[in-house]
Engineer: 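The structure that follows is given in the form of structure tokens.
Just so you know, ligand 1 is whichever comes first in the structure, and atom 1 is the first atom listed for that ligand.
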Amino acid sequence: MEFLIQDKAHDESRQGEALVLEPNGKHNGRKLYIESYGCAMNFSDSEIVASILADKGFETTQDFNNADVIFINTCSIRENAEVRVRNRLKEFAGAKFKNPGMVVGVLGCMAERLKAKFLEEEKLVDVVVGPDAYRDLPNLIEQVDGGQRAVNVLLSREETYADISPVRLNTNGINAFVSIMRGCDNMCSFCVVPFTRGRERSRDAHSIVAECKDLFDKGYREVTLLGQNVDSYKWSATTAEDGEALTAGAEVQVVNFASLLEMVALIHPDLRVRFSTSHPKDITDEVLYTIARYDNICNYIHLPVQSGNTRVLELMNRTYTRDWYINRIDAIRRIIPNCAISTDIITGFCTETEEEHQETLSMMDYVKYDFAYMFMYSERPGTLAAKRYADDIPEAVKHRRLKEVVAKQQQYSHVRMQESLGRVERVLIEGFSKKSTNDYAGRSDKNAMVVFPVHEDYKPGQYANVLVERCTTATLIGRIIPQTP
Ligand code: SAH
Ligand code: SF4
Ligand code: F3S
């Protein structure tokens, strides 16, 4: 299946996408429909869910009317994410009315946030399952078959699903997400993730490398390593479940994010490595030097700033200051010349003044981000901010500040695109462009979308040198410069 997007870890057009997989020869006669919302971690989790159920003989369908089990993998990050899921559940009601034996399940972050309350609020829902309980899904479905409603929202300190090799859903066979850790311990005051995903834990480094190697052997050419804060990745053989690695006298191997990046980069020079998300408080120079050292680790860092003002950052509990963030940006510029940087910004956080908002704008002037994801603050029940601070910035003001931030970002995105004009970019061809089968599309090392006419010597999954001749606000346009042997 072909689909192409700028940055899959943040792609709006994937929200609600139905996921399908190839039959595996096991059949129990039942069909699963699964759709996902939220971040890349959720899409990656849906692949784990599908693997667990495919192993029990479920096949996937793209039509929920036809399904025996409907799963919706949900997000709680902002109120509108939850509203979208509630509306979607209403659409499933008609299908369930026609087929009362159908099982409807809510998975993911909303399931974790609302727990059994979901069953009271949404009569349609039969199963509620949190992100650490997916191994229990076959049992839970059985309980529902037996006439009960079922809930498992237990969070775990250990679960990383390391041994489950995820089936790849809706894949183009070229890029894949690989989860390297779960949960988050940061407690940013605005954020539900620590509550919905539980404690931070890192996955066995060897299982990550084995999965990436397997992907490469299957023809994949790009992996994106995923975690809420990849810079705090830490794994050692002592944390492994089987103690076999710990033979007497052997050195205990401790893997941090820099060493993990290196291990994955060494799999093959033609395997591109991306990662998301970096945390400004934790990104080290060691990580930056590793990126600089390996051509196949992409020169692209997503480094969410949230606000450019130190007082607001403190209220947000981000644990860095404006100066610290600027120091990290300077380090990136020094160590990795020509590195793309993107960010997340929240406007109208509790008590944010006009001057403080101006500091977010001036931070944007300083960094000149290649790309940004920009949001109005949305109060989330149960978070530190909801408990401690009034959500006191009027909607209209939040909105106006967001518009200013968006306008500034558009200006800088365009500046960054124009910098590529006349340059040759190394592009991994992902498939045909959305608009035409006469054109290929792929991304540059710096994660910019590049479109260029199909060339008979090149196929998707290969790298091409593309001379950039024009650009729109979101796309570079050029032509392949064939390599002379
Ligand atoms: N772990 C990542 C962020 C994950 S959530 C990090 O620390 O950067 C993705 C983004 O959603 C956040 O960076 C933030 O900008 C935004 N976000 C999270 N909670 C929000 C809220 N309550 N209101 C508005 N935006 C929010
Ligand atoms: Fe949320 Fe902060 Fe964790 Fe990111 S680092 S997931 S914003 S608590
Ligand atoms: Fe991701 Fe949304 Fe959960 S952003 S971690 S799916 S709250």
Side-chain angles (χ1 to χ4, degrees), residues 7 9-12 14-16 35-46 72-82 84-85 106-114 130-132 155 177 179 181-200 226-233 275-283 301-308 312-313 315-320 325 328 342-350 352 360 369 372-387 389 391 393 395 398-399 401-402 405:
D7 177 353
H10 289 88
D11 183 31
E12 255 307 293
R14 284 195 81 189
Q15 299 298 308
E35 70 178 33
S36 299
Y37 293 83
C39 62
M41 310 279 299
N42 247 18
F43 283 79
S44 172
D45 280 1
S46 290
I72 178 163
N73 197 355
T74 60
C75 173
S76 283
I77 200 81
R78 285 169 290 276
E79 191 182 358
N80 56 13
E82 292 199 354
R84 176 138 62 160
V85 166
V106 175
L107 316 183
C109 291
M110 247 177 120
E112 195 60 54
R113 197 178 82 73
L114 293 157
D132 286 345
L155 287 172
F177 289 131
S179 276
M181 56 208 295
R182 299 182 69 82
C184 185
D185 283 348
N186 284 304
M187 298 304 261
C188 300
S189 65
F190 51 79
C191 183
V192 289
V193 173
F195 303 97
T196 62
R197 297 246 157 199
R199 298 304 296 270
E200 182 183 288
L226 293 179
Q228 292 298 352
N229 175 2
V230 290
D231 300 289
S232 63
Y233 177 86
F275 53 91
S276 192
T277 299
S278 303
H279 197 300
K281 83 175 158 71
D282 291 322
I283 190 167
I301 298 175
H302 182 59
L303 197 69
V305 67
Q306 314 298 359
S307 162
V312 174
L313 287 170
L315 291 185
M316 287 177 164
N317 199 27
R318 289 289 285 181
T319 69
Y320 53 86
Y325 186 87
R328 295 292 75 210
S342 63
T343 200
D344 293 347
I345 290 172
I346 297 177
T347 65
F349 186 67
C350 314
E352 182 189 66
T360 297
Y369 293 107
Y373 302 90
M374 300 154 285
F375 314 100
M376 287 193 284
Y377 172 57
S378 164
E379 186 178 79
R380 309 308 296 128
T383 55
L384 293 180
K387 285 184 197 151
Y389 316 120
D391 179 11
I393 307 300
E395 224 33 38
K398 283 182 186 171
H399 197 249
R401 289 181 188 168
L402 179 66
V405 164

Engineer: In terms of atom number and element, which parts of ligand 3 are under 4.0 angstrom from non-hydrogen atoms of C109?
Structural biologist: 3 (Fe), 5 (S), 6 (S), 7 (S)
Engineer: Between F375 and R78, is there a cation-pi geometry (under 6.0 Å to ring centre, at most 45° from the normal)?
Structural biologist: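 The answer is yes, since R78 meets both limits relative to F375.
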Engineer: Report, in ascending order of atom number, the atoms of ligand 3 lying under 4.0 Å from any heavy atom of Q228.
Structural biologist: 5 (S)
Engineer: Can you find a side-chain donor-acceptor pair between D45 and N73 that sits under 3.5 Å?
Structural biologist: no
Engineer: Is there a polar contact between ligand 1 and E379, counting only N or O atoms under 3.5 Å apart?
Structural biologist: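 No; the residue has no nitrogen or oxygen that sits under 3.5 Å from a nitrogen or oxygen of the ligand.
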Engineer: Ignoring hydrogens and angles, tell me if any N or O in the side chain of Y325 forms a donor-acceptor pair with the backbone of S307 under 3.5 Å.
Structural biologist: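 Absent.
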Engineer: Which atoms of ligand 1 are found less than 4.0 Å from any heavy atom of R78?
Structural biologist: 11 (O), 16 (C), 17 (N), 23 (N), 24 (C), 25 (N), 26 (C)
Engineer: Pick from D391, L402, T347, I393: which one makes a side-chain contact (heavy atoms from CB on, under 4.5 Å) with Y377?
Structural biologist: D391
Engineer: Return the set of residues passing side chain to side chain contact (heavy atoms under 4.5 Å, CB included) with L315 (not counting sequence neighbours), or none when no residue passes.
Structural biologist: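 Side chain to side chain contact (heavy atoms under 4.5 Å, CB included) list for L315, sorted by chain: R311, F349, T351, Y389.
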Engineer: Should you measure from each heavy atom of C75, which atoms of ligand 3 turn up under 4.0 Å away?
Structural biologist: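 Once the distances to C75 are compared, the set is 2 (Fe), 4 (S), 6 (S), 7 (S).
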Engineer: Please check this pair: side chain of D231 against backbone of H279, looking for a donor-acceptor N/O pair closer than 3.5 Å.
Structural biologist: yes
Engineer: Using a 4.0 Å cut-off to any heavy atom of N42, which atoms of ligand 3 qualify?
Structural biologist: 6 (S)
Engineer: Between ligand 1 and M374, can you find any atom pair, the residue atom being a heavy atom, that is separated by under 4.0 Å?
Structural biologist: no
Engineer: Is it the side chain (CB and beyond), the backbone, both or neither of F375 that lies under 4.0 Å from ligand 1, heavy atoms counted?
Structural biologist: side chain
Engineer: Is there a side-chain hydrogen bond (donor to acceptor under 3.5 Å, both in side chains) between E200 and S232 once you walk through the steps?
Structural biologist: CA-CA 9 Å; E200 182 183 288; S232 63; 2.9 Å; yes
Engineer: Just jot down the salt bridge (charged side-chain N to carboxylate O under 4.0 Å, His left out) partners of E82, sequence neighbours excluded, or say none.
Structural biologist: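 E82 satisfies salt bridge (charged side-chain N to carboxylate O under 4.0 Å, His left out) with R113, R380 only.
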Engineer: Which protein N, O or S atoms lie under 2.8 Å from atom 2 (Fe) of ligand 2?
Structural biologist: C188 SG
Engineer: Out of curiosity, is N229 lining ligand 1, as in a heavy atom under 4.0 Å away?
Structural biologist: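 It does not, in that no heavy atom of N229 comes within the 4.0 Å cut-off of ligand 1.
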Engineer: Between S378 and ligand 1, is there a nitrogen or oxygen pair with a distance under 3.5 Å?
Structural biologist: yes
Engineer: Under a 4.0 Å heavy-atom limit, does M41 contact ligand 3 with its side chain, its backbone, both, or neither?
Structural biologist: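 The answer is neither.
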Engineer: Are any of the N/O atoms on R380, whether in the backbone or the side chain, positioned under 3.5 angstrom from an N/O atom of ligand 1?
Structural biologist: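 In this structure, R380 places no N or O atom under 3.5 Å from an N or O of ligand 1.
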Engineer: Numbering the atoms of ligand 3 from 1, which are under 4.0 Å from a heavy atom of C39?
Structural biologist: 1 (Fe), 4 (S), 5 (S), 6 (S)
Engineer: Is M376 close enough to touch ligand 1? Criterion: a residue heavy atom under 4.0 Å from a ligand atom.
Structural biologist: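 Flag set, M376 near ligand 1.
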Engineer: Decide whether the shortest distance between a heavy atom of V193 and an atom of ligand 1 is less than 4.0 Å.
Structural biologist: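 Heavy atoms of V193 never come under 4.0 Å of ligand 1.
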Engineer: I345 to ligand 1: N or O pair under 3.5 Å?
Structural biologist: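 For ligand 1, there is no N or O atom that lies under 3.5 Å from one belonging to I345.
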Engineer: Could you check atom 7 (S) of ligand 3 against the protein and tell me its nearest heavy-atom contact, residue, atom and distance included?
Structural biologist: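 It is S76 N, 3.3 Å.
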Engineer: Is the side chain of N317 donor-acceptor paired with the backbone N or O of S189 at a distance under 3.5 Å, no angle test?
Structural biologist: no
Engineer: For atom 1 (N) of ligand 1, which of the options M316, Q228, K398 provides the nearest non-hydrogen atom?
Structural biologist: Q228
Engineer: Holding to side chain to side chain contact (heavy atoms under 4.5 Å, CB included), I want the full list of residues that pass it with C109, two or more places apart in sequence or in another chain.
Structural biologist: S76, T196, R197
Engineer: With heavy atoms only and a cut-off of under 4.0 Å, state how R318 meets ligand 1: side chain, backbone, both or neither.
Structural biologist: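 Side chain only.
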Engineer: Can you check which of T343, I77, V230 brings a heavy atom nearest to atom 5 (S) of ligand 1?
Structural biologist: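 Comparing heavy atoms across T343, I77, V230, the nearest one to atom 5 (S) of ligand 1 lies in I77.
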Engineer: Taking distance alone, with no angle check, do S278 and ligand 1 share an N/O pair under 3.5 Å?
Structural biologist: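 N/O-N/O distance below 3.5 Å does not exist for this pair.
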